[in-house]
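Notes follow once the structure below has been shown.
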Amino acid sequence: MSALSYHEGAYMSLMRGLRELDLQGPCVPSELYLIGDHAFPLAMNSKGQVLMAASLYGRGRIVVLGHEGYLTAFPALVENALTWLRGDGSDNLSVGVHKNIKAVADNLSRSIFQAKVVGSFSNDLEVGVYVTDAYSVGADPKDLVAFLKAGGGVLIAGQAWHWAVNHPKENAILQFPGNKVSGVAGIYCTTHYGKVEILPVYPQIPSSWMTIKLGKDFEDDLEFLLQNVSEFDLQGESVPSEVLVHGPLAFPIGTTKDGQAFLAGAYYGQGRVIVVTHEAYLGRKTLASFWNNAIDWLDQGRQGVIGVVPDLSLSELGLKCEKTVFKKDLSVFVCTAYIDDHVAEIQDFVAEGGGLLIGGHAWYWAHTHKGQNPLTDFSGNKILNKMGMSLLKATISGGSYKAPVPSQAMKHTYHFRNLLHLLAGHVAQGEKLREHEEERLKKLGQDCADYLSMKAYYSYSYMQVFSILTDIMKKSGMPQVSEKNPVKSPKDYLLLSLGADLYNVSPNPDALLPYLIKQDPIMPFVYNQRIRINANTAGMKEWLSTGLYLSPGMKTEIIIPAEIVNKRWTIQVGCQTDKLNAEELKRAPCVCERFPVTTEKMQVSNLWGGLIYLVAPPNTKVEGAEIMVQTATPAPYYKCGVTTAADWLSLRKAPSPWAELEFDNIILTVPSHVVRDLERSDEVAALWNDIMKGVADLAAIPHKFERKERIVADVQISHGWMHSGYPIMMHSSIAAELVSLDDARTVGLWGEIHELGHNQQRSCWEFPPHTTECTCNLWSVYVHEEVLGVISSMQAHPNMTLTNRKSCVEEYVKGGRKLKDWEVWLALETYMQLQEKFGWDAFKKVFAAYHEMFNFPKDNKGKMNLYAETFSQTVGMNLAGFFKCWGWPIGRDTEEKLSYLPPWTDHPMVHYD
């Protein structure tokens, strides 16, 4: 059962038969703060203040009212509460009532309950429910907490504002008597007055954006923790994670200028917790002042035993610690975030007053656990999520960071809840956001994505944030981003990202869809399409095209053969895998969705729509398997050797907005309008088959690629005009050149072949950064001259004209032949001089020789000497002098190895000596 359904059911039981709650009498209640998974409001005023609430702890239940007067003012509510509190199936009608609220027992005399008036709670009461005011729980309410945890019900009522007047220096969150019981269940009576009015009883749990706020200003906590602390030393090789601080009683302690937190604290129940995002910082001597303060803050004056797991050391701090695994009788437990046992016990330990200091990062775990969710599956987050903090895969740069000023910290430091509250107020009531708040909306968007990815439907606090984010989206609507309608403002950037995040976690995404996609043209469907899949992958995953498309938000079921279930296969919807991080967006940042194949029937969808693929994992061989897609839209899809020229004339009109042309060794994915009028698909296939053979020839690899290359044209890509990878990405504004035979043979395809060349580069003969944008151009030159034939390389790119080549070399020589300047076009000239002397066959033989080598040097000097040696031996000529003229660091041992070969004495660089 989800949190929503469980809590809604409990709410209806508690409020059964009530129409309104008239709070306008003499009672001035306290506002209640709620944290954790189980606390939920029963009564909320127009300011979003919770005045009555309920929760669970262990096997028990608790109801908290914001004033003791409500125990007699609302007898029907009290009876409902007693019925719910005694638990499902319990026949124990005995209720213990503290003597200070004897009137409650009098009211119960006409009910089914049997009230016992007592002086205090004791273990031998044998009652199902205990009722008390918030001032009479005793100095040590451990027995009452144990009663609750074991399955008992507790009804407690009172306000803390008057108590605070008489205890001005005490921390009400922990020290107010009632909170010593209700706090373990995530309900705290605060010192804030609650606004009194007539409250309607809603059919669902009341909710308001105004409840998304902090439960404390944390100034006193920061003053304590930051005594004698001016900065945090995070220097060194350790790479910390970011921690997302999302709970109402959680707060950042150390952050970067951009608001990324690496150190945070929280109240949880009656205890406290501090997290640092790398275990190496625990016990670091330069942080000793902080750690001593932190231990004292966690210990709460008990001066109890500090337990430290055996693989950590705090010896540098001079603290008296005990090496131990977790045990309940500690005052403070210090551990790493990689602890995976005692999770529930540690949470209860803190809830009941213990201190927890935990250190660790999640980025490495995320890197080594592909397909798993660090927010839910990482061991540290199984402990921390409930406490209002979560370790992220995002990292923070090492350095030295200033400690915040306690009195200013929560006003200026980024906090997820603070900014979400401001955004909700901006949307609901038009409250203006200040400039620095707007600037942080982009970070809030990423934090919302991380938070929502917990999918903690069992948690009321999670569902509350989800509900408010959904309301924000419904009121604002998602920007309908496009090339003509780009997104520029931080708010629109957030809403664009948030739309997909909400859609992907929503229990009812169809209800949200009209607020996200405004124009979704209806397209014709095909049904029960059977698609045969063949895969023979080496060390790389491979996309297998289906020729089918899903409209935005459209769902379909795919029937999967058993032989590929739970074998690391995935279904992918969408071809645009680039994740964007630009100031201006022409599409959403992430528009591709992947679904691990875990069952024989998979339901998939994508808010943005997209082509459907099966993704085969590395080292997989499957022949003749068949999938069935139950509903989808056909795409213009040409497959070389399968689709005839006649078939293509009708297929090119298929309604999908994306088309694919699959040739022998490459697949082109373009907007469909690019191919609507393409008649000779077979001639385009022949062109690209020849180009890819040329790519293979120069690389000295077989004509049949281990994996077909892919080029995807998109309205916006992550960087550059094009970039390499799988797939190669390019801008859709020039996609037509991919299928234009005339352009290919007159203007050329320099950029596309440049990226294909990138995919052929190998680190053993690459010298970054010098040749990163250089050697890939060998393929551009080769293909234009040897395959396309009609144009030369100097026509294909202006930098390849003889004039530009010559001036480039002259400038380099004039500048002193410094190797730092040897890159891109200048570096390419070195290879062109070799090609003009020895021909392309020399390069093919050199690349072939590298295929047979192993144990390569790692540094550029070693690799450059190996290349000079390999090329010299391949062509039978000593090229050491040539490379030295180019500024290469050719060593004496290389020169000696090549001394038996005749030197190249008339090389082009001789003219510059």
Using a cut-off of 6.0 Å, state whether more than 12 heavy atoms not belonging to K116 lie near its atom NZ. yes
S109 meets the side chain to side chain contact (heavy atoms under 4.5 Å, CB included) criterion, sequence neighbours left out, with none
message = A side-chain contact here means heavy atoms from C-beta on lying under 4.5 Å apart; do L226 and N293 qualify?
response = no
inquiry  = What I'd like to find out is whether the side chain of P29 reaches to under 4.5 Å of the side chain of Q159, using heavy atoms alone.
reply    = no
Heavy atoms of S331 and R302 approach each other most closely as OG-NE, 3.0 Å
Validation row: L34, Q464 side chains within 4.5 angstrom (heavy atoms): no
Y462 vs F466 aromatic rings, parallel, tilted or perpendicular, using cut-offs 30° and 60°? parallel
Notebook entry, point to check: Would a 4.5 Å heavy-atom cut-off, applied to side chains only, mark C335 and L356 as touching?
Noted result: yes
TODO: Kindly indicate, with the supporting measurements, whether the criterion side chain to side chain contact (heavy atoms under 4.5 Å, CB included) is fulfilled by I62 and V181.
DONE: CA-CA 9 Å; I62 187 169; V181 178; 4.3 Å; yes
Contacts of K213 meeting side-chain hydrogen bond (donor to acceptor under 3.5 Å, both in side chains) (sequence neighbours excluded), chain-then-number -> E31
Exactly one of I156, L155, V129, L82 clears side-chain contact (heavy atoms from CB on, under 4.5 Å) with V63, and that residue is L155
Q: Please indicate whether E322 has more than 12 foreign heavy atoms, meaning atoms of other residues, nucleotides or ligands, lying under 6.0 Å from its CD.
A: yes
Check your understanding: Can the ring centroids of Y188 and Y267 be said to lie less than 6.0 angstrom from one another?
Key -> no
Minimal heavy-atom distance between Y130 and H98, with the atoms involved, is OH-CD2, 3.4 Å
- 4.5 Å side-chain heavy-atom contact, F290 and L263: yes
task = Consider only side-chain N and O atoms of S390 and N385, and report whether a donor and an acceptor are under 3.5 Å apart.
result = yes
Next item on the list: Show your reasoning for whether side chain to side chain contact (heavy atoms under 4.5 Å, CB included) applies to Q270 and N179.
Entry: CA-CA 8 Å; Q270 278 291 289; N179 287 345; 4.3 Å; yes
One should read off an interatomic distance between R417 CZ and Y451 OH, to the nearest 0.5 angstrom, of 6.0 Å
Taken in chain and number order and not counting sequence neighbours, the residues that satisfy salt bridge (charged side-chain N to carboxylate O under 4.0 Å, His left out) with E20 are none
Q. Has the side chain of Y268 got a donor or acceptor atom that lies under 3.5 Å from a matching backbone atom of I35?
A. no
Are D447 and L419 side-chain neighbours, meaning at least one heavy-atom pair lies under 4.5 Å? no
Checklist line | Heavy-atom check, side chain of L298 versus side chain of I306, under 4.5 Å | finding: no
Residue set satisfying side-chain hydrogen bond (donor to acceptor under 3.5 Å, both in side chains) with D106, at least two apart, ordered chain then number -> K102
Residues at least two apart in sequence or cross-chain that pass side-chain hydrogen bond (donor to acceptor under 3.5 Å, both in side chains) with E79, listed by chain then number, are none
- Assess whether atom NE2 of H162 is packed by more than 12 heavy atoms of other residues, nucleotides or ligands within 6.0 Å. no
Verify the neighbour count for atom OH of Y202: are there more than 12 heavy atoms of other residues, nucleotides or ligands below 6.0 Å?
no
For D124, the side-chain hydrogen bond (donor to acceptor under 3.5 Å, both in side chains) test, sequence neighbours excluded, returns S122
Between G269 and L174 the two heavy atoms that sit nearest each other are O-CD2, 4.1 Å
Please tell me if the side chains of N80 and M15 come closer than 4.5 Å, counting only heavy atoms from C-beta onward. no
**Asked** Taking the six-membered ring for Trp, is the centroid-to-centroid distance between F121 and F147 below 6.0 Å?
**Response** yes
Exercise. List the steps, then state whether side chain to side chain contact (heavy atoms under 4.5 Å, CB included) holds for L392 with L375.
Key: CA-CA 7 Å; L392 305 177; L375 271 291; 3.9 Å; yes
Counting neighbours of CD on Q303 that are heavy atoms of other residues, nucleotides or ligands and sit closer than 6.0 Å, is the number greater than 12?
no
Aromatic contact, H421 with W209 (centres under 6.0 Å):
yes
